[in-house]
Amino acid sequence: MSETSGMRVLAGYSPDERGDDALALAALVARTAGAALTVANVHPPAWPARGPGSVDAEWVAYLKERAEDALDRAAGRLHELRVPKGSVTRRVHAHRGSGRGLIEIARDVGADLVVVGSAPRGRRGRIAIGSTADQLLHSSPVPVLLAPRGYAEEAPGRFERLTVAYWRRRDVEGPLAAAAGIAHVLGLPIRLVTLVLRPPGRGAELRGAGDVMARQLAQAEEDLALAAGLFGDGTRVATEAASGTGIAKALGAVDMLPGELLACLSSHDGPLRKVFLGESSGKIVRTAPCPVLVLPRGAPVAPAAKVRGIKG
């Protein structure tokens, strides 16, 4: 989309590969949506020195200088990524936890989306959850978008589709509306996919196992049709039920475009209106071959992403 959407994106940046991956993904979102972009570096707080109310001034200055240097590098990368300088703001913030620090910044700047990269130990092309992402994925009040490791080197020229990993449950309208809002500002079609898990090992050979799978697939297709019916205003929604022995194989059976975004819902057991990664969504995040968007449970749609696309 060429016009400004009013969307606000926050990218967590560190001067390393995961920071570059986060910038590449955040820049693509910002360019596509015409969004304002805040790039932030969270550094450790200063240690108290010589008394309960004092800190080492030289150490504080050193931490701030390193953070500013990191943001100088980020500004250079964003220029290379064709993000208009006037749409970018910088933030330096001190916090013991980088993820919790990003949550504080997100609240302060009114971010609609937080973007971070994968932990460096992960497999290339996949997402590994480090401490920063872990903190975000268990308490962020806004959606969290995760870039796979190495994304900056192979980032697509454009997004092509938003796929939502969907299971029918209560309170699903809010996350679906959030997904619809993000798809709207990015100009993307939506696909709803339900993963139907086959029994592992000899369980698949038990009498009647095939009939059970057939019923589960039929139920999944029925649930998907109902969910697709919640979208209005001409929103393009496709549906697909995929099966496999475990989430990794089931998701591997789903075709992914080069410019795919995959969204998953937070755990139903998590706090309302916050991201909370559950067991199934955690497996999806670690298995997905593309960026993953984790939606807060029951979160209201942010004003920047609001569309009249979900029937209440």
Side-chain angles (χ1 to χ4, degrees), residues 4-14 18-19 21-45 67-68 70-71 74-75 78 83 87-119 127 129-147 174-175 177-179 181-182 185-186 261 263-267 270-277 281 285 291-306:
T4 300
S5 65
M7 187 180 190
R8 299 182 183 92
V9 178
L10 171 62
Y13 181 76
S14 55
R18 59 182 164 180
D21 292 338
L23 281 189
L25 182 54
L28 186 51
V29 173
R31 290 200 314 267
T32 304
L37 174 60
T38 298
V39 57
N41 179 270
V42 179
H43 64 78
E68 290 293 350
L71 293 185
L78 289 172
V83 178
S87 68
V88 179
T89 57
R90 301 160 50 136
R91 290 294 296 264
V92 171
H93 189 64
H95 202 287
R96 289 177 183 156
S98 52
R100 290 188 290 272
L102 287 172
I103 289 171
E104 290 183 354
I105 298 171
R107 290 194 177 107
D108 190 39
V109 304
D112 301 305
L113 179 69
V114 179
V115 184
V116 293
S118 172
I127 295 166
I129 299 173
S131 60
T132 301
D134 186 66
Q135 291 168 17
L136 286 165
L137 293 173
H138 287 92
S139 55
S140 174
V142 298
V144 177
L145 182 58
L146 301 150
I182 290 171
V185 297
L186 294 177
L261 288 177
C264 63
L265 312 182
S266 288
S267 170
L272 193 64
R273 298 192 175 97
K274 286 190 177 181
V275 167
F276 192 87
L277 200 67
S281 51
V285 167
V292 177
L293 174 71
V294 185
L295 302 167
R297 178 184 164 231
V301 184
K306 193 168 186 178

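Computed from a predicted model, the values in this text were never measured in an experiment.
- The shortest side-chain heavy-atom distance between L293 and L113 falls under the 4.5 Å cut-off.
- Nearest heavy-atom pair across A22 and G12 is CB-O, 3.7 Å.
- Between P296 and P175 there is no side-chain heavy-atom pair separated by less than 4.5 Å.
- Put simply, the side chain of R91 reaches to within 4.5 Å of the side chain of V109, judged on heavy atoms.
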Q) Please walk me through it: do C264 and V285 pass side-chain contact (heavy atoms from CB on, under 4.5 Å)? A) CA-CA 8 Å; C264 63; V285 167; 4.2 Å; yes
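- With L10 as reference, V114 is the one residue of L145, V144, V114, V142 to meet the side chain to side chain contact (heavy atoms under 4.5 Å, CB included) rule.
- Judged by distance alone, with hydrogens and angles left aside, the side-chain atoms of S281 form no donor-acceptor pair with the main-chain N or O of L277 at under 3.5 Å.
- The closest side-chain heavy-atom distance from V92 to H43 is below 4.5 Å.
- Residues meeting the salt bridge (charged side-chain N to carboxylate O under 4.0 Å, His left out) test with D134, sequence neighbours left out: none.
- Taking both residues in full, the closest heavy atoms of Y13 and N41 are given as O-ND2, 3.0 Å, listed atom of the first, atom of the second, then distance.
- Taking the side chain as every heavy atom from C-beta outward, D112 and V185 never approach each other to under 4.5 Å.
- Rounded to the nearest 0.5 Å, atoms CZ (R18) and CD1 (I127) are 14.5 Å apart.
- With rounding to the nearest 0.5 Å, the separation of CD1 in I182 from CG in L261 is 9.0 Å.
- Contact detail for A35 and V9: the closest heavy-atom pair is CB-CG2, 3.9 Å.
- The shortest distance between side-chain heavy atoms of S266 and L295 does not fall below 4.5 Å.
- Rounding to the nearest 0.5 Å places CG of L146 at 7.0 Å from CD1 of I129.
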Under 3.5 Å, which donor-acceptor pairs do the side chains of residues 97-107 form with other protein atoms, sequence neighbours left out?
residue, atom, partner, partner atom, Å
S98, OG, T132, OG1, 2.3
E104, OE1, H93, NE2, 2.6
E104, OE2, H95, NE2, 3.4

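- Summarising the geometry of R8 relative to G110, their closest heavy-atom pair is CD-O, 3.4 Å, with the distance given to 0.1 Å.
- Scored by the side-chain hydrogen bond (donor to acceptor under 3.5 Å, both in side chains) test, T38 finds T89 as partners (sequence neighbours excluded).
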